[in-house]
Amino acid sequence: MLTSKCLRGVVTGYPLAINATIINITEVDYNPEFITRIIPKLDWEVLWRAADSIGHSDGLPQTIEPKFEENNEFLKKVHRVLLEVDIEEGNLVCPESGRRFPISKGIPNMLLTEAEVQ
Amino acid sequence: MARRYLLWFAQEHLDFRHAEMHSIFSMLNIPLKFIENPSINLPYWIVELPSEICAKQIASRSVLLKNCLELWSRAKSEAKLHENLKSSVKNKSGKWIVTNSNNEISESHICPSELLDAVSDPNKTFKVDVETFCKHFTMKQKVEKIENFSYLPLEGAVNLNKPDVTLSYIEFYGVDPNNVPQHPCDLFFGKWIADGQRDLIKFHTLKKREFIGNTSMDAQLSIIMANQAQVAPGDVVLDPFVGSGSLLVSAAHFGGYIWGTDIDFMMLHARTRPTRVGQKVRNKEESIRGNMKQYGIRSQYLDVLVSDFSRPLWRQDLKFDALITDPPYGVREPTEKIGIEKDNYSLSEQHLDNHIPSKVEYGLPHIYSDLLNFAAQHLSIGRRLVCWYPLVRDEYLEEQLPSHPCMQLVGNSEQVLSKMTSRRLLTYQKISDDIPNMPHDPHGAAHNFRDKYFAVGEISRREKKERRAEEIAKTAFYLKAKREECKKE
Ligand SMILES: C[S@@+](CC[C@H](N)C(=O)[O-])C[C@H]1O[C@@H](n2cnc3c(N)ncnc32)[C@H](O)[C@@H]1O
């Protein structure tokens with residue numbers, strides 16, 4: 001889902017790298033308005049690199065074109081990578097410390113240990 | 001032409017009625033104009049709306065609204081109601097005729113005949129519903145009441161099952177079943193426009209939801225919260241204390257794309273003890289994602305993460321369209337964050353993946369100031385944070401509620417929980433992007449609900465037992481149904 005995908009673009013210690021061991025593709029309803037609204041919230045470059053690192057950057061441009069909201073093909077591809085590609089199992093990896101955050105059943109575990117909090 | 005509408009409400013959660021309606025009107029950008037001053041003891045409002053579309057939009061959101069009529073006549077007696085309608089047949093002015101306008105009750109106002117024209121088309125079928133509040137009538141008596149309207153220009157055929165137009169006649173005998181007057185005290189006649197969202201309560205009922213926890217919010221209150229938060233299609237909504245995700249179900253129903261976080265790994269993975277009494281193991285599919293699938297809104301599930309709200313998680317400049325949450329009160333579930341009181345604590349690498357860290361107390365004042373600071377940082381301007389706030393009733397002072405210079409309190413509704421305690425649904429709107437860093441709530445100490453809650457001795461062992469018995473009764477029915485389902489398979 002957008003989930004782990006977008007996540008990278010979203011977490012601090014930023015951007016997190018992704019190691020995916022199981023990826024699920026689930027088709028879900030396409031809503032171009034939502035995709036158009038979410039794109040400006042994303043860090044596109046980070047999203048692209050993340051999609052690329054798990055082999056799902058096919059056809060995604062590395063930079064956003066100015067009138068992307070009129071390009072339905074493009075919106076559909078973003079829809080796919082954000083909402084349909086789910087990382088079921090894997091890790092998010094902090095770029096600075098190399099700390100791994102495990103993803104299981106599509107749910108990343110971002111908890112730190114007691115020692116890390118201190 | 002602006003028309004008058006009768007909005008009829010469910011007579012429950014009274015303190016939430018204005019808050020819910022104001023949120024819906026302002027979200028839809030519809031001006032709220034009362035024809036009569038509303039009273040909380042009466043289940044109706046008489047308002048003017050710019051168009052019928054507005055009335056339908058309102059009804060498509062409100063869960064406290066039962067239905068909405070286009071009002072043709074209202075009176076305090078049967079004779080007057082008919083007198084008005086008879087005059088309306090002749091009122092060709094195209095406007096309501098308003099006499100003695102200093103009277104607060106609009107009982108001698110005459111609607112324009114155009115409204116009645118809705119039923120004068122011979123090709124349109126119609127029916128008349130009779131509703132009486134607080135008094136019962138037989139079918140035969142109701143038919144007699146309908147016959148009194150024979151002077152109306154009703155040209156079409158009657159169709160009771162699928163009429164083109166439904167007219168509605170309402171007799172209201174007050175709200176006290178022990179003191180029912182002989183004659184109705186308020187009478188209304190008009191054209192049915194739309195029903196509110198009462199049916200959604202059944203559709204989203206926790207009894208049939210796959211994944212619930214012991215702090216799941218009931219469907220009706222969750223829907224009110226989504227309305228308070230003005231969730232609209234395409235909005236990105238976060239619940240930072242997501243638990244079983246009950247608040248996100250209604251947010252997604254109204255078109256929100258949802259995100260949740262919770263500190264409890266076992267909860268998000270549905271590995272806690274089943275909430276339903278008597279259920280031994282949780283179903284493999286149980287999850288927030290599974291619930292979204294159950295309601296056909298899977299495409300709006302973004303993700304949930306295990307994380308501690310007291311730690312930063314999101315990119316600084318990320319903005320949400322709504323925050324909806326029920327933070328832990330520390331009564332049914334602990335308020336906590338990650339930490340440990342020992343020094344020199346360390347953990348070996350191979351333990352890291354499955355490690356569930358120990359937690360330290362995360363006090364309520366702390367939680368609410370973190371929540372307001374978070375909202376000030378991460379909400380888009382003009383958007384809302386909606387959250388519950390527990391209180392000992394005697395000690396409630398509005399000026400001691402959590403506050404933040406960027407967040408304006410726009411809704412504050414009380415739900416009484418017991419003689420001593422209640423919780424308030426607080427709605428804050430972000431009014432400024434100019435964010436000072438607020439250390440802690442100055443009234444922090446006043447808010448330690450958990451200590452007070454236990455200090456007033458609310459949960460005695462006996463009460464706990466009673467509550468448990470109640471839960472068993474509630475779930476027994478569900479389980480029986482489940483068992484029967486299993487047998488069938
Ligand atoms: C009142 S419950 C919310 C219930 C939720 N509305 C539902 O539908 O189940 C509060 C939740 O906050 C979580 N919580 C407690 N401390 C937390 C923290 N520091 N960070 C994130 N979540 C926390 C608890 O695990 C619990 O699930």
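By convention in this document, chain letters (A, B, ...) are assigned in the order of the sequence lines, proteins followed by strands, and residues within each chain are numbered from 1.
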Might you confirm whether atom [atom1] of [X] has over 12 heavy atoms from other residues, nucleotides or ligands at distances under 6.0 Å?
X: K293(B); atom1: NZ; value: no
X: E27(A); atom1: CD; value: no
X: I381(B); atom1: CD1; value: yes

Practice item. Answer yes or no: is there an ion pair linking R37(A) with D321(B), defined by an N-O contact shorter than 4.0 Å? Key: yes
Review point. If you measure from the Lys or Arg side-chain nitrogens to the Asp or Glu carboxylate oxygens, is any gap between E286(B) and K105(A) under 4.0 Å?
Key: no
Show the nearest heavy-atom pair for residues [X] and [Y], with the distance to one decimal.
X: G234(B); Y: F34(A); value: O-CD1, 3.5 Å
X: R315(B); Y: L42(A); value: NH1-C, 3.8 Å
X: I107(A); Y: L268(B); value: CD1-O, 3.5 Å
X: V304(B); Y: P108(A); value: O-CD, 3.4 Å
X: I263(B); Y: L111(A); value: O-CD1, 3.6 Å

Review point. Tell me, do S380(B) and K41(A) make a side-chain contact under 4.5 Å, heavy atoms counted?
Key: yes
Review point. Are any of the side-chain heavy atoms of L83(A) and Y257(B) separated by less than 4.5 Å?
Key: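 They are in contact (side-chain heavy atoms under 4.5 Å apart), so the answer is yes.
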Check your understanding: When rounded to the nearest 0.5 angstrom, what is the spacing between CD1 in I103(A) and CG in D303(B)?
Key ->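 It is 8.0 Å, given to the nearest 0.5 Å.
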Exercise for review: Identify which of S287(B), S307(B), S299(B), G255(B) forms the greatest number of heavy-atom pairs closer than 4.5 Å to chain A.
Suggested key: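 Ranked by heavy-atom pairs under 4.5 Å with chain A, first place is S299(B).
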Check your understanding: At a heavy-atom separation under 4.5 Å, does D317(B) approach chain A through its side chain, its backbone, both, or neither?
Key ->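 No part of D317(B) comes within 4.5 Å of chain A.
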Check your understanding: Considering only heavy atoms, which portion of T26(A) lies under 4.5 Å from any heavy atom of chain B: side chain, backbone, both, or neither?
Key ->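 It is the side chain, since no backbone atom gets that close.
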Exercise for review: Mind running side chain to side chain contact (heavy atoms under 4.5 Å, CB included) on M110(A) and L313(B) for me, showing each step along the way?
Suggested key: CA-CA 8 Å; M110(A) 309 305 292; L313(B) 172 71; 3.8 Å; yes
